[in-house]
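Quick notes on the structure that follows.
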Amino acid sequence: MWMIPGQNQSWVSEFILLGFSSDPMTNSILFIVFLLIYLSSVMGNGLIILLICLDTQLHTPMYFFLCILSLLDMGYVTTTMPQMLVHLLAHSQTISFAGCWMQMYVFGALGITECTFFVVMAYDRYVAICHPLRYTVILKWDLCIWLAAGTWICGFLFSLLHTFFTMSLPYCGPNKVNHYFCEGPSVRSLACMDTHLIEMVDLVLSVFVVVTPISLIVASYVHIAKAILKIKSTQGRCKAFSTCASHLTVVTFFYGPSTYIYMRPNSSYSAERDKQISLFYNAFTALLNPVVYSLRNKDIKRAFLKVVGHGRVD
């Protein structure tokens with residue numbers, strides 16, 4: 001603990017992350033499970049990035065966006081999982097106030113970037129299906145780069161606001177965070193003042209970074225659905241829909257849990273439930289994305305076989 005000059009109040013200088021269990025045997029098992037999940041996530045997303053970079057046939061806007069999504073997922077899971085793995089085996093589970101600040105900021109920045117980036121990917125599918133003949137004309141590389149850069153800027157800006165408002169609250173004890181990383185709602189619950197105003201600010205930010213992207217994605221897919229229904233052949237409709245199925249899958253698994261965490265009222269806060277839900281959209285979504293995009297994508301399969309020396313796949 002340390003004292004704030006001129007105030008009769010002590011602030012914590014570090015937090016203790018309680019994680020999932022205090023039992024050493026359980027933690028050893030969890031360490032193995034989460035290590036496998038983390039390594040699989042990093043290698044799966046890393047492989048997709050490598051294949052897209054190496055195969056010139058994948059140098060299109062769609063795969064450029066997929067490459068960025070994989071990069072986001074790698075950073076997203078790396079922000080939390082390595083530290084959690086260390087805490088599962090170490091006696092000390094502390095994190096400094098500055099470390100908590102930084103982890104919350106980077107995690108939030110990458111998460112918000114991914115939220116808004118799904119809108120860009122939905123727009124890509126909209127142009128591909130609704131305006132196929134003008135696809136390369138509309139989605140020029142300059143526009144693709146600006147769209148990608150804009151999502152990163154939004155992510156890091158909105159996360160700065162969220163982190164600043166959360167970490168500027170007075171934390172005078174206790175300092176035990178019932179979570180496996182410094183997630184905003186879990187840390188904020190330890191503040192020794194009324195957080196109602198901060199929660200309202202957070203809710204407004206959540207509308208911009210969750211509700212607005214979801215609305216734009218839904219609008220895109222309404223137009224996509226109309227375009228698909230106009231296709232006369234069943235085979236053509238199935239082929240058009242299959243190009244969107246992967247995106248719809250990862251969007252559902254990402255937005256569902258994150259919407260619950262950041263948009264539910266504070267009165268329904270449950271530490272144990274939040275840990276499980278956070279683990280799902282943090283670790284399992286990063287693991288799911290390369291599986292969904294590789295198993296359902298012939299271009300990725302072809303590129304993989306080409307790289308390992310098996311030629312091309314039909």
Side-chain angles (χ1 to χ4, degrees), residues 41 44-76 110 113-152 154-155 213-214 216-228 231 235-255 285-307 312-314:
S41 300
N45 285 290
L47 179 60
I48 286 181
I49 294 172
L50 180 65
L51 292 176
I52 293 173
C53 291
L54 292 178
D55 194 332
T56 54
Q57 293 186 41
L58 298 182
H59 291 180
T60 64
M62 174 184 171
Y63 291 106
F64 169 69
F65 295 142
L66 178 56
C67 184
I68 293 178
L69 178 65
S70 293
L71 183 63
L72 281 169
D73 282 333
M74 287 178 65
Y76 197 53
L110 295 176
T113 300
E114 190 157 331
C115 272
T116 52
F117 193 71
F118 280 129
V119 179
V120 175
M121 297 184 75
Y123 177 66
D124 169 74
R125 292 300 83 209
Y126 162 76
V127 176
I129 293 175
C130 298
H131 305 284
L133 299 180
R134 300 178 58 209
Y135 180 74
T136 55
V137 176
I138 296 174
L139 283 177
K140 295 180 179 180
W141 281 112
D142 287 350
L143 177 61
C144 292
I145 292 171
W146 276 109
L147 287 172
T151 61
W152 284 82
C154 287
I214 290 176
L216 292 173
I217 291 172
V218 170
S220 296
Y221 273 101
V222 167
H223 289 289
I224 288 171
K226 289 179 180 179
I228 291 176
I231 300 175
Q235 184 179 1
R237 285 197 295 267
C238 291
K239 184 177 180 181
F241 179 75
S242 67
T243 64
C244 304
S246 299
H247 180 252
L248 280 173
T249 302
V250 297
V251 163
T252 302
F253 280 107
F254 182 86
Y255 274 110
T285 302
L287 177 64
L288 177 70
N289 287 359
V291 173
V292 170
Y293 278 104
S294 60
L295 292 180
R296 295 183 58 87
N297 195 300
K298 288 185 177 181
D299 291 334
I300 295 292
K301 293 178 184 177
R302 177 195 53 76
F304 177 75
L305 293 175
K306 185 177 179 180
V307 167
R312 63 182 184 85
V313 65
D314 294 331

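Being a predicted model, the structure only gives us computed values, none of them experimental.
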L139 vs H131, test: side-chain contact (heavy atoms from CB on, under 4.5 Å). Steps then yes/no. CA-CA 11 Å; L139 283 177; H131 305 284; over 6 Å; no
- Run the side-chain contact (heavy atoms from CB on, under 4.5 Å) check on D73 and E114 step by step: do they pass? CA-CA 8 Å; D73 282 333; E114 190 157 331; 3.0 Å; yes
task = Please assess D124 against Y135 for the test side-chain contact (heavy atoms from CB on, under 4.5 Å), listing each intermediate value before the final yes or no.
result = CA-CA 9 Å; D124 169 74; Y135 180 74; 2.4 Å; yes
Check your understanding: V251 and I214: side-chain contact (heavy atoms from CB on, under 4.5 Å), yes or no, with the steps?
Key -> CA-CA 9 Å; V251 163; I214 290 176; over 6 Å; no
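Considering CZ of F117 and CG of L72, their distance stands at 6.5 Å, rounded to 0.5 Å. A distance of 11.5 Å separates CG of L54 from CD1 of I49, quoted to the nearest 0.5 Å. From I52, atom CD1 reaches atom CE of M62 across 9.0 Å, with rounding to the nearest 0.5 Å. How far CG of L69 is from OG1 of T113: 11.5 Å, rounded to the nearest 0.5 Å. To the nearest 0.5 Å, atom CD1 of residue I48 and atom CG of residue L66 are 5.0 Å apart. The distance from the CZ atom of F254 to the OH atom of Y76 is 4.0 Å, given to the nearest 0.5 Å.
Listed here is the closest heavy atom pair of R302 and L58: NH2-CD2, 3.8 Å. Residues F64 and C144 approach most closely at CE2-O, 3.8 Å, considering heavy atoms. Summarising the geometry of T249 relative to A245, their closest heavy-atom pair is OG1-O, 2.8 Å, with the distance given to 0.1 Å. Considering all non-hydrogen atoms of both residues, A303 and D55 come closest at CB-OD2, 3.3 Å. Nearest approach of A148 to T151, heavy atoms of both residues: O-OG1, 2.6 Å. Across every non-hydrogen atom of S220 and Y123, the tightest pair is OG-N, 4.5 Å.
Side-chain contact between R125 and F65 is absent, with no heavy atoms from C-beta onward closer than 4.5 Å. M121 is not listed as a side-chain neighbour of I217, based on a closest heavy-atom distance of 4.5 Å or more. In this structure, C244 and I224 have side chains that are in contact, with non-hydrogen atoms separated by less than 4.5 Å. Between W152 and T116 the shortest side-chain heavy-atom distance does not fall below 4.5 Å.
No more than 12 heavy atoms of other residues, nucleotides or ligands lie within 6.0 Å of CH2 in W146, so this atom counts as exposed by the packing criterion. Within 6.0 Å of the CZ atom in F253, the count of heavy atoms belonging to other residues, nucleotides or ligands does not exceed 12.
Proximity of a side-chain donor or acceptor of N45 to a complementary backbone N or O of A286 within less than 3.5 Å is detected. For the pair Y63 (side chain) and C53 (backbone), a donor-acceptor distance under 3.5 Å is absent.
Ring planes of F118 and Y255: tilted class, angle from 30 to 60°.
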